[in-house]
Amino acid sequence: MNIVVNGTAHAIESGPLTPLLDVLREELEITGPKAGCHQGGCGACTVLVDGEPRRSCLLPVAYADGAEITTVEGLGTPESLAPIQQAFVHHYAAQCGFCTSGMLLAAQAYLDGGGTDDPEAIQEALGGHVCRCTGYAKIVDAVAAAARGESFDLTQTAVGKYTTVTTGGAT
Amino acid sequence: MAKHRGKGIAAIEYPTGMNQNGDPSQCWIKVKPDGRIDVFAGTADIGNGSKTIQAQIVAETIGVPYDWITYDNSNTDSSPVCTGTFASRATFVAGKAAEKAALQVKAKILEIAGKELEIDPADLEIIDGEVVAKGAPQTRMSISDVAAAATWGHGELITGTGAQLKPYAAIVDPETGRVDSPPHSAISYAACAAEVEVDDETGEVRVLRLQQCYDVGRAINPTQVEGQIEGGAMMGLGLGVLENCYPYYPSVEHRGGAFGSYLAPGMEEMPQIDTILIENPSQDGPYGAKGIGEMANNPQPPAIAAAVYDAIGVWITELPITPERVLRALEEKAAGKHEPRREGKKVVFDEELSVNTVSSGGIRFEVPA
Ligand code: FES
Ligand code: FES
């Protein structure tokens with residue numbers, strides 16, 4: 001079997017029923033996709049298979065034979081982040097980061113499919129992805145901003161929606 | 001059979017850091033020969049943003065741009081001690097250690113610059129990475145030049161250390177009833193108002209809105225603390241209506257058997273979340289900051305329970321508020337058997353005592369008999 005990951009071709013030695021996630025992480029040592037549940041329930045393992053978001057923990061590698069796979073490593077580089085990655089940085093849409101690579105790839109597929117900044121459509125597209133840290137609000141904000149084609153100042157974090165009340169002295 | 005709306009509110013207070021047996025954090029800073037700054041600390045950033053916060057504190061305290069700071073917490077062997085990221089303490093305790101270390105670095109920079117410029121260090125200040133003479137801003141020296149002078153000219157390393165150790169918990173003298181040390185270093189307050197919709201046919205509770213107000217002391221990074229509060233809101237929503245808090249942690253016997261049998265909230269459960277940050281500074285935290293990490297998911301379950309009562313007139317006294325519990329309570333109510341909320345504890349509020357308790361300013365107070 002052969003798969004192309006982020007533009008590089010690999011001959012695969014693992015057995016045909018090995019989950020794609022394990023092939024990526026164990027055989028190819030590409031660790032961007034995370035094993036959150038290994039049961040198809042969390043979305044942390046999501047990668048793009050020929051442009052479509054797939055839960056790599058449930059996909060036997062044989063089904064990806066000959067496919068083009070994109071992991072978060074293929075989305076952008078630290079020096080040149082993809083727009084969706086910039087949006088996540090600017091909007092503070094990642095805390096621990098464990099869900100982030102899966103979220104980014106699902107969001108990228110949503111944007112590639114012409115997704116808009118409508119929050120309900122974004123929730124629909126990313127709905128199966130669990131995040132334990134952010135409460136999702138800033139993730140939806142980031143995807144919406146990327147869908148609007150905004151550009152991002154990465155030296156500044158976006159100002160949130162909070163209001164601040166300051167009291168007098170120290171107590 | 002109908003859907004009912006209700007609103008409820010809950011307020012909480014939460015101490016920062018550990019009170020028993022000490023709780024140290026340490027920090028070491030050194031300035032490289034080019035003036036860029038290395039911060040070494042042991043605080044693990046688990047997504048709470050402590051790396052960013054401590055780098056911000058160091059940059060602000062010394063007076064240099066944020067991107068001059070390299071924060072290294074990568075190695076337990078060589079890092080200074082930090083007891084960890086728990087008890088809402090990473091900003092409050094470890095951030096204070098970073099501030100103290102940065103103050104030493106600043107003093108050393110000014111001392112070397114004073115020698116170079118032949119000016120009393122007390123007449124110098126640091127603005128945006130440059131040492132500037134107060135009242136004579138044309139007399140200035142970049143920190144890069146100061147660090148180079150220290151390294152190649154004076155044979156010195158510009159460095160600073162800081163440590164923060166929260167005082168031991170208050171001990172009440174059994175003879176006098178007096179407390180000679182304050183019980184907590186800082187107490188944060190929060191309130192949450194919840195709006196829910198309860199379906200009396202299916203028993204389903206939908207949280208529509210969580211409006212939350214947190215006393216953060218000082219929002220060193222407002223967007224980050226808002227992120228922490230929004231994340232806590234969703235976790236609190238989960239604890240309110242979806243998730244079981246297993247009571248015998250860390251025993252694993254009570255945990256769900258599969259990922260799907262534990263219901264963590266997803267995007268579709270997301271309510272409207274509004275955040276209000278109150279800056280009521282602490283005396284001991286860096287720049288007045290308090291810690292709100294753990295309390296972030298505490299006020300939502302009681303606020304949701306109160307909103308459910310407002311909606312359908314029954315108190316659900318066990319979490320999570322599942323459809324089954326709602327329907328059972330409604331059945332009991334219809335049969336005239338539903339137990340009202342226990343009128344349990346009497347809460348006494350003493351304003352002076354409360355105010356004295358919020359920070360360790362060395363204030364002594366009597367514990368009322
Ligand atoms: S690891 Fe694949 S969905 Fe959770
Ligand atoms: S950022 Fe931690 S799980 Fe999403």
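In what follows, chains carry the letters A, B, and so on, assigned in the order in which the sequence lines appear, proteins first and then strands, with residues in each chain numbered from 1.
- When each of B:Gly260, B:Pro222, B:Gly238, B:Ala264 is scored by its heavy-atom pairs under 4.5 Å with chain A, the top score falls to B:Pro222.
- Contact tally against chain A (heavy-atom pairs below 4.5 Å) for B:Gln228, B:Gln212, B:Met234: the top residue is B:Met234.
- Here the closest non-hydrogen pair linking A:Gly127 and B:Glu268 is O-OE1, 3.5 Å.
- Contact count against chain A (heavy-atom pairs under 4.5 Å) is highest for B:Leu277 among B:Leu277, B:Leu237, B:Ile278, B:Thr275.
- Within the 4.5 Å cutoff, the side chain of A:Val165 has heavy atoms near those of the B:Ile276 side chain.
- Heavy-atom proximity under 4.5 angstrom to chain B picks out A:Thr157, A:Ala158, A:Val159, A:Gly160, A:Lys161 from residues 154-161 of chain A.
- Both the backbone and the side chain of A:Thr164 have a heavy atom closer than 4.5 Å to some heavy atom of chain B.
- Formation of a donor-acceptor pair under 3.5 Å by the A:Tyr136 side chain with backbone atoms of B:Glu269 is not found in this model.
- For residues 82-114 of chain A, heavy-atom neighbours of chain B at less than 4.5 Å comprise A:Tyr92, A:Gln95, A:Cys96, A:Met103, sorted by residue number.
- B:Gln224 touches chain A through backbone and side chain together, each having a heavy atom under 4.5 Å away.
- The parts of A:Gln123 that come within reach of chain B are both its backbone and its side chain, each placing non-hydrogen atoms under 4.5 angstrom from that chain.
- At least one side-chain heavy atom of B:Glu230 sits less than 4.5 Å from a side-chain heavy atom of A:Lys138.
- For A:Tyr63, the OH atom is loosely surrounded, since the number of other residues' heavy atoms within 6.0 Å does not exceed 12.
- In this structure, A:Gln39 contributes its side chain and B:Phe259 its backbone to a donor-acceptor pair below 3.5 Å.
- From B:Glu226, atom CD reaches atom OG1 of A:Thr134 across 11.5 Å, with rounding to the nearest 0.5 Å.
- The part of B:Ile46 that comes within reach of chain A is its backbone (N, CA, C, O), which places non-hydrogen atoms under 4.5 angstrom from that chain.
- The one candidate from B:Thr223, B:Asp274, B:Ile229 that meets the side-chain contact (heavy atoms from CB on, under 4.5 Å) condition with A:Tyr162 is B:Thr223.
- For the pair B:Met270/A:Val140, a side-chain contact is recorded, criterion being any heavy-atom separation below 4.5 Å from C-beta on.
- Heavy atoms only, all atoms of each residue included: B:Met267 and A:Ile122 are closest at SD-O, 4.4 Å.
- Most heavy-atom pairs under 4.5 Å with chain A: of the set B:Gly217, B:Gly232, B:Pro265, this distinction falls to B:Pro265.
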